[in-house]
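Have a look at the structure below, then the notes.
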Amino acid sequence: MSQSERVESICSTQRLDLVFTIVSRGKGETVLDIFREYKVLQNIICHGHGTAPSSILEMFGLGATDKDIVLSFVKAENSKKILSDLSKKLEFSKPGHGIAFTVPLESIAGIMSFKFLTADLTEEV
């Protein structure tokens, strides 16, 4: 098998999701702790500030508009379990406690980028 075939095989069998987690400002570190339990090491925390009208915020029970937005790259096979844990531990069922969702990543250019995102830098290609 050629190197390009091996690279294509690795990238096509190990699907990735990008998980967006939006929580109140200051809760981002708690989110990171949950991802660390799953050995998800590639996370980005951004600070957000909502601009929606207060009537919409009240309808969704969001209240404060300062948020931590955590973007995490996870293996697709782990996404549902991670979302379930986030929901339980951060009490997403209660209004204003946060939200998490995934976006599937269809392609990533470069095997080293893929390995970096999956924290698998030891495997030979």
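Not measured: the values here are computed from a predicted model.
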Nearest heavy atoms of D17 and P104, plus distance in Å: OD1-CA, 3.3 Å
Separation between CD of E29 and CD1 of I34, rounded to the nearest 0.5 Å: 12.0 Å
Check: F73 and V19 side chains under 4.5 Å, non-hydrogen atoms: no
Inter-residue atom distance T102.OG1 - N78.CG, 0.5 Å rounding: 12.0 Å
Nearest non-hydrogen partners of S72 and N43, listed with the distance: OG-OD1, 2.5 Å
From D66 atom CG to H47 atom NE2, the distance as rounded to the nearest 0.5 Å: 9.5 Å
side-chain contact (heavy atoms from CB on, under 4.5 Å) partner of L86, chosen from V70, T30, I99, V31: V31
I45 CD1 to K67 NZ distance, which is reported to the nearest 0.5 Å: 15.0 Å
Pair F35-V74, side chain to side chain contact (heavy atoms under 4.5 Å, CB included): steps then yes or no: CA-CA 9 Å; F35 280 105; V74 303; 3.8 Å; yes
With sequence neighbours excluded, residues passing salt bridge (Lys or Arg N to Asp or Glu O under 4.0 Å) with K80: none
CZ-CD distance between R15 and E77, expressed to the nearest 0.5 angstrom: 12.0 Å
By salt bridge (Lys or Arg N to Asp or Glu O under 4.0 Å) - contacts of D68 (at least two apart): R25
Smallest separation among heavy atoms of G96 and S24, with atom names: O-OG, 4.0 Å
Nearest heavy-atom neighbours spanning G28 and V23: N-CG2, 3.9 Å
4.5 Å side-chain heavy-atom contact, F101 and T21: no
Salt bridge (Lys or Arg N to Asp or Glu O under 4.0 Å) against E37, all qualifying residues, sequence neighbours excluded: K89
Minimum heavy-atom distance K81-Y38, with the two atoms named: CG-OH, 3.0 Å
Close side-chain approach of L71 and L18, heavy atoms under 4.5 Å: yes
